[in-house]
A.B. asks: 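One structure follows; several queries about it will come next.
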Number of protein chains: 2
Amino acid sequence: MRTEYSTRPREQITALLRKERRYLSAAEIYALLRKSRSKVALSTVYRTLGLLETKREVSQRVDEHGESTYVSCAPTHHHHAICRKCGKVEEVACEAMESFAGELRTHHGFELDDHAMEFFGRCAACK
Amino acid sequence: MRTEYSTRPREQITALLRKERRYLSAAEIYALLRKSRSKVALSTVYRTLGLLETKREVSQRVDEHGESTYVSCAPTHHHHAICRKCGKVEEVACEAMESFAGELRTHHGFELDDHAMEFFGRCAACK
DNA sequence: ATGATTTTGCTAATCGTTCGCAAATTAGGG
DNA sequence: CCCTAATTTGCGAACGATTAGCAAAATCAT
Ligand SMILES: [Zn+2]
Ligand SMILES: [Zn+2]
Ligand SMILES: [Zn+2]
Ligand SMILES: [Zn+2]
């Protein structure tokens with residue numbers, strides 16, 4: 001049967017991601033877990049991240065060096081405001097998309113069906 | 001002195017990018033040039049893309065397989081509407097950002113200083 | 001043309017990510 | 001509990017896109 005096991009490594013990785021609300025690379029997650037006496041293999045980190053990604057529990061982002069980074073977030077549609085100082089990620093809704101959709105249709109004849117956006121700046125704490 | 005040479009490979013790569021208004025990977029550019037009897041090395045493609053990127057003449061994007069892709073576009077601030085069918089990229093302006101900036105500040109205390117966005121759908125021709 | 005400078009083309013190295021497989025864990029009866 | 005089947009882990013090797021090194025070729029000003 002096609003079940004899904006609940007294991008120690010998966011719990012640790014998931015817990016870490018939920019605690020650290022910022023984009024982390026697989027290597028960073030691996031290093032952080034290793035510091036807290038949790039021996040998880042790097043490949044397990046990658047596999048778990050892939051799993052969480054398909055379950056929409058983490059979102060992936062390629063950073064400026066080309067490395068993939070991951071953050072725990074809601075499975076529903078939203079966007080991320082990323083603090084340049086501390087890395088904190090905040091989820092923000094997007095209502096203003098209707099105006100863009102209209103703009104695209106009238107000016108370009110483009111039928112919008114999806115979009116992605118990211119915000120950068122300083123969070124309340126770092127400002 | 002620190003001059004910049006105008007060479008055959010660079011012209012070919014630039015010309016190709018200006019003709020194909022869609023995101024292409026280095027390997028695709030290499031293959032396309034090779035088909036049209038232009039022997040350019042893959043590393044030259046990479047180097048030229050890096051050059052054009054710093055000159056803001058192309059913008060880079062990581063596709064769904066993790067590969068970097070590049071498209072020729074304006075050096076001024078804008079966003080891209082990408083056709084899911086033919087790949088055509090259209091440049092679109094963003095005026096509605098003030099509303100997002102306000103929303104972020106009042107609801108999250110977030111000081112916005114930059115943003116990125118992409119639109120996906122069908123272009124006028126493919127609709 | 002000449003010579004200094006930049007660019008190219010190969011190839012080899014790099015490095016994040018994925019794969020393969022045997023050993024270890026898990027879940028679920030009996 | 002104990003057994004077994006199914007899944008997951010850990011390790012190392014393999015992979016693939018990108019970068020680096022360096023001698024040879026191309027460019028440009030004189
Ligand atoms: Zn912050
Ligand atoms: Zn949205
Ligand atoms: Zn199209
Ligand atoms: Zn904008």
Side-chain angles (χ1 to χ4, degrees), chain A residues 1-18 20 22-55 57-72 87, chain B residues 1-18 20 22-55 57-72 87:
Chain A
M1 77 197 68
R2 179 104 271 287
T3 338
E4 186 164 290
Y5 289 5
S6 167
T7 72
R8 196 99 192 298
R10 284 179 184 174
E11 281 162 13
Q12 313 233 57
I13 293 166
T14 305
L16 175 65
L17 281 168
R18 282 210 245 262
E20 305 272 342
R22 61 198 172 97
Y23 279 99
L24 297 170
S25 69
E28 286 174 320
I29 293 166
Y30 173 75
L32 285 171
L33 290 179
R34 176 150 291 237
K35 276 208 197 84
S36 59
R37 61 171 152 66
S38 311
K39 307 218 279 196
V40 197
L42 183 55
S43 52
T44 301
V45 174
Y46 274 107
R47 280 181 294 225
T48 303
L49 287 171
L51 193 67
L52 294 173
E53 213 179 337
T54 62
K55 293 167 70 181
E57 289 181 26
V58 308
S59 101
Q60 188 251 36
R61 177 181 132 75
V62 177
D63 73 9
E64 55 280 5
H65 307 304
E67 283 187 64
S68 289
T69 57
Y70 308 82
V71 72
S72 164
Chain B
M1 75 198 71
R2 181 104 271 288
T3 337
E4 186 163 292
Y5 288 5
S6 168
T7 71
R8 196 101 191 296
R10 285 180 185 174
E11 280 162 14
Q12 313 234 54
I13 293 166
T14 305
L16 175 65
L17 282 168
R18 282 209 245 263
E20 305 273 341
R22 60 198 172 96
Y23 279 99
L24 296 170
S25 70
E28 286 173 320
I29 293 167
Y30 173 76
L32 284 172
L33 289 180
R34 177 151 293 235
K35 277 209 197 83
S36 59
R37 63 170 151 66
S38 309
K39 308 218 279 196
V40 196
L42 183 55
S43 52
T44 301
V45 174
Y46 275 108
R47 280 181 295 225
T48 302
L49 287 171
L51 194 67
L52 294 173
E53 212 178 338
T54 62
K55 293 168 71 182
E57 289 181 27
V58 308
S59 102
Q60 187 251 36
R61 177 182 133 74
V62 178
D63 72 11
E64 55 280 5
H65 307 305
E67 284 187 63
S68 290
T69 57
Y70 308 82
V71 72
S72 164

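Note that the coordinates shown come from a computational prediction; the quantities given were computed from them, not determined experimentally. Naming convention: chains lettered A, B, ... in sequence-line order (proteins, then strands); numbering from 1 in each chain.
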A.B. asks: Encode nucleotides 17-28 of chain D as B, S and - characters from 5' to 3', where the letter depends on protein heavy atoms closer than 4.0 Å: B to the base, S only to sugar-phosphate, - to neither.
C.D. replies: SSBBB-----BS
A.B. asks: Which whole-number value in Å describes the distance from Ile13(B) CD1 to dT7(C) C1'?
C.D. replies: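 Those two atoms, CD1 and C1', are 11 Å apart.
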A.B. asks: What distance do Lys39(B) atom NZ and Arg8(B) atom CZ have between them, rounded to the nearest 0.5 Å?
C.D. replies: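 Answer rounded to 0.5 Å: 12.0 Å.
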A.B. asks: Between Glu28(A) and Arg22(A), is there a salt bridge with N-O shorter than 4.0 Å?
C.D. replies: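 Salt bridge absent between Arg22(A) and Glu28(A).
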A.B. asks: Roughly how bent is the helix from dA1(C)-dT30(D) to dG30(C)-dC1(D) end to end, in steps of 10 degrees, with each end axis from five pairs?
C.D. replies: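 End axes: 30° apart.
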A.B. asks: Figure out the CG/C1' separation between Asp63(B) and dG16(D), and round it to whole Å.
C.D. replies: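 Atom CG in Asp63(B) sits about 13 Å away from atom C1' in dG16(D).
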A.B. asks: Using whole Å, what does the distance between atom C1' of nucleotide dG9(C) and atom CG of Leu33(B) come to?
C.D. replies: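 Rounding to the nearest Å, CG of Leu33(B) and C1' of dG9(C) are 15 Å apart.
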A.B. asks: Tyr30(A) OH to dT17(C) P: how many Å, rounded?
C.D. replies: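 So the two atoms are 15 Å apart, to the nearest Å.
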A.B. asks: Atom CD of Glu53(B) and atom OG1 of Thr48(B): how far apart are they, to the nearest 0.5 Å?
C.D. replies: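 So the gap between those two atoms works out to 12.0 Å.
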A.B. asks: So which of Leu49(B), Val45(B), Leu24(B), Ile13(B) actually passes side chain to side chain contact (heavy atoms under 4.5 Å, CB included) with Tyr70(B)?
C.D. replies: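 For Tyr70(B), the side chain to side chain contact (heavy atoms under 4.5 Å, CB included) check succeeds only for Leu49(B).
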A.B. asks: State the CG-CZ distance between Leu51(A) and Arg10(A), to the nearest 0.5 angstrom.
C.D. replies: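 Rounded to the nearest 0.5 Å, the CG-CZ separation comes to 5.0 Å.
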A.B. asks: Could you tell me how far apart Leu49(B) (CG) and dT7(C) (C1') are, to the nearest whole angstrom?
C.D. replies: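 After rounding, the gap between these two atoms is 15 Å.
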A.B. asks: Rounding to an integer number of Å, can you tell me how far Glu11(A) CD sits from dT8(D) C1'?
C.D. replies: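 Those two atoms, CD and C1', are 13 Å apart.
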A.B. asks: When rounded to the nearest 0.5 angstrom, what is the spacing between OG1 in Thr7(B) and CD in Gln12(B)?
C.D. replies: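 Reported to 0.5 Å precision, the distance equals 9.0 Å.
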A.B. asks: When rounded to the nearest 0.5 angstrom, what distance separates CG in Leu17(B) from CD1 in Ile29(B)?
C.D. replies: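 So the CG of Leu17(B) and the CD1 of Ile29(B) are separated by 4.5 Å.
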A.B. asks: Separation of Leu24(A) atom CG from dG16(C) atom C1', in whole Å?
C.D. replies: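 Taking CG of Leu24(A) and C1' of dG16(C), I get 16 Å after rounding.
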A.B. asks: For the pair Ser38(B) (side chain) and Ser36(B) (backbone), establish whether a donor and an acceptor sit closer than 3.5 Å, ignoring hydrogens and angles.
C.D. replies: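 Side chain of Ser38(B) to backbone of Ser36(B), a donor-acceptor pair under 3.5 Å: yes, one is there.
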A.B. asks: Tell me: NE2 of His65(B) to C1' of dT17(C), nearest whole Å?
C.D. replies: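 Answer to the nearest Å: 15 Å.
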A.B. asks: Step by step, would you call Ser59(B) with Tyr23(B) a side chain to side chain donor-acceptor pair (under 3.5 Å)?
C.D. replies: CA-CA 9 Å; Ser59(B) 102; Tyr23(B) 279 99; 3.3 Å; yes
A.B. asks: By nearest heavy atom, map Arg34(A) and Leu51(A) onto DNA chain D; which one lands nearer the 5' end?
C.D. replies: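 Residue closer to the 5' terminus by nearest nucleotide: Leu51(A).
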